[in-house]
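A short write-up of the structure that comes next.
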2 protein chains.
Amino acid sequence: MAEKRAEILDIAVTLADERGLAAVSMRAIAERVGVTPMALYPYIGNKTALLDAMLGHLLGQLQPPGAEAAGAGGAGGPGGAAEERGADEAGEAGTWRERLGAIARAARAVVTAHPWAAELVFARPAVTPDSVRTVDLLYTALLEAGVAAGEVPRLERMLSTVVIGFAASEAGGRFGAAEDPRGFRGMLPDGTLPGHAQLATALECPVDWDAEFEADIADLALLIEAVARRGAP
Amino acid sequence: MAEKRAEILDIAVTLADERGLAAVSMRAIAERVGVTPMALYPYIGNKTALLDAMLGHLLGQLQPPGAEAAGAGGAGGPGGAAEERGADEAGEAGTWRERLGAIARAARAVVTAHPWAAELVFARPAVTPDSVRTVDLLYTALLEAGVAAGEVPRLERMLSTVVIGFAASEAGGRFGAAEDPRGFRGMLPDGTLPGHAQLATALECPVDWDAEFEADIADLALLIEAVARRGAP
DNA sequence: ACCTGAACACCGTTCAAGT
DNA sequence: ACCTGAACACCGTTCAAGT
């Protein structure tokens, strides 16, 4: 009963990894399962519920070691290495800075391994047990950093937004070929881009996205310390 | 020739505003235009190009006054009030803090007025002339704040990510009913959520999202100042 | 209890014809 | 130059049958 659901979910995730979210259709899943599309419905409800479950399946892998009990679908699947590295780093040891960094890196690694997740994550509240547990780890880290209780939930949302948004921008293409607007310089009505002009040399070298992510994490930690210093608002 | 394209785009945007992005089909647009679906292709290319153009149409309204020349589609459309308020605030006057805040509020207002934009914005680089101009305003503001040139593009991306991510989370539902996890407390394997427990009172009151957005903007300004103080890395 | 098959109301897009 | 109509290869989902 539950194994069949897990099998369907596993096949759906594999399909998304291989051919993108657009290729995840009831008909395509059914073909791989070896069954009629309609036979899927008792197990997954409908298409929206399937997408929810696929995202939940992924978020479950963001947890620190010890949290993942039995079950959780067929062993492995593609991209498993990145997830496990991420999950290992997201444990409860270390300073709040290390733990926040580990969770952030794990989240980015999951989206890198499963880019289709970026298309789903902004449309669903973090209400699964796995998500709530990750949020709890962030709450604990922020409290330990000295952030006032009244500011913790907001800061958690801002942190998550930066991390998820960064990963989604990478996976989706927003951090694309936009950084060399030289082709536009002449075609603007007023003809000038003063900011770009002042940054000409800085905009010429290609971006190291790993380094940028680390710099963003470091700056967020800086912000958290500043908020902690100022105390309750 | 160009008027027909503008008419098609306007109808597509109106359709998305009224019934969501999923309702924007070639067939539905064609019906409102009063034409066969195939008659649209010479004007818009294909579905992906249509979505690109729809987003571009919106981003054009994020510009400060003076930037919008003639053209730019049919006058008005639904939600015009919010956009115009946003556009008015995003001008070039004031301190860098005021200008950053104005651009951020304008961007959020656009997504609030057209929630479907949130589904598109992470998947497309900011390469249209309108987008590049907005990025240039952010560059200029960051330079004025004293941020080192080598850090400006990264900080611009982080800023945009927070603002776009916040708006997308609101519009998409990520900032949903997740803030009351009391129902989950008992169903977790280890049974405890220490972070949530410490925040019990803070998590009980409903969130004022306008205030949260303003607090996020203020904190980003704080971070910009800290980065400016530390100078080049 | 579990699955199938036909059907319904949709998609985006191609291609040959029309005027 | 601009548009139509039929067709192709898809969708998610309902519903009545099958075993």
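Predicted model only: the values in this text are computed from it and were never measured. Below, chain A is the first sequence line, B the second, and so on; all start at residue 1.
Judged as a side chain to side chain donor-acceptor pair (under 3.5 Å), and not counting sequence neighbours, B/Glu31 has no contacts. Applying the side chain to side chain contact (heavy atoms under 4.5 Å, CB included) test to A/Ala123 and every residue at least two apart in sequence or in another chain returns nothing. Residues meeting the salt bridge (Lys or Arg N to Asp or Glu O under 4.0 Å) test with A/Arg124, sequence neighbours left out: A/Asp52. Looking at residues two or more places apart in sequence or on another chain, you find a side chain to side chain contact (heavy atoms under 4.5 Å, CB included) between A/Ala16 and A/Leu21, A/Val24, A/Met54, A/Trp116. Listed by chain and number, the residues in a side chain to side chain contact (heavy atoms under 4.5 Å, CB included) with B/Ala53 are B/Arg5, B/Leu9 (sequence neighbours excluded). B/Arg19 meets the side chain to side chain contact (heavy atoms under 4.5 Å, CB included) test with B/Leu15, B/Ala23, B/Arg32; sequence neighbours excluded.
Summarising the geometry, the separation between CG on A/Leu40 and P on C/dC2 is reported as 14 Å, rounded to the nearest angstrom. Atom CZ of B/Arg5 and atom C1' of D/dC3 are 19 Å apart (whole Å). C/dC11 atom P lies 10 Å from atom CD1 of B/Ile29, rounded to whole Å. In this structure, A/Ile8 places its CD1 atom 12 Å from C1' of C/dC3, rounding to the nearest Å.
Taking a pair as Watson-Crick or G-U wobble with both distances under 3.5 Å, the runs of three or more consecutive pairs in DNA chain D are C:4-8 with D:12-16, C:12-16 with D:4-8.
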I'd like a table of donor-acceptor pairs (distance under 3.5 Å, sequence neighbours excluded) in which one partner is a side-chain atom from residues 161-171 of chain B, with atom names and distances.
from	atom 1	to	atom 2	distance (Å)
B/Thr161	OG1	A/Arg174	NH2	2.6
B/Thr161	OG1	B/Arg157	O	2.6
B/Ser169	OG	B/Gly165	O	2.7
B/Ser169	OG	B/Arg174	NE	3.0
B/Ser169	OG	B/Arg174	NH2	3.4
B/Glu170	OE1	B/Arg108	NE	2.8
B/Glu170	OE2	B/Arg108	NH2	2.9

request  = Encode nucleotides 12-19 of chain D as B, S and - characters from 5' to 3', where the letter depends on protein heavy atoms closer than 4.0 Å: B to the base, S only to sugar-phosphate, - to neither.
outcome  = BBBB----
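Here the closest non-hydrogen pair linking A/Glu156 and A/Leu138 is OE2-CD1, 3.4 Å.
OP1 and OP2 of C/dA1 both lie 4.0 Å or more from every side-chain N or O belonging to A/Lys4.
Between D/dA9 and C/dA9, the two P atoms lie 23 Å apart (nearest whole Å).
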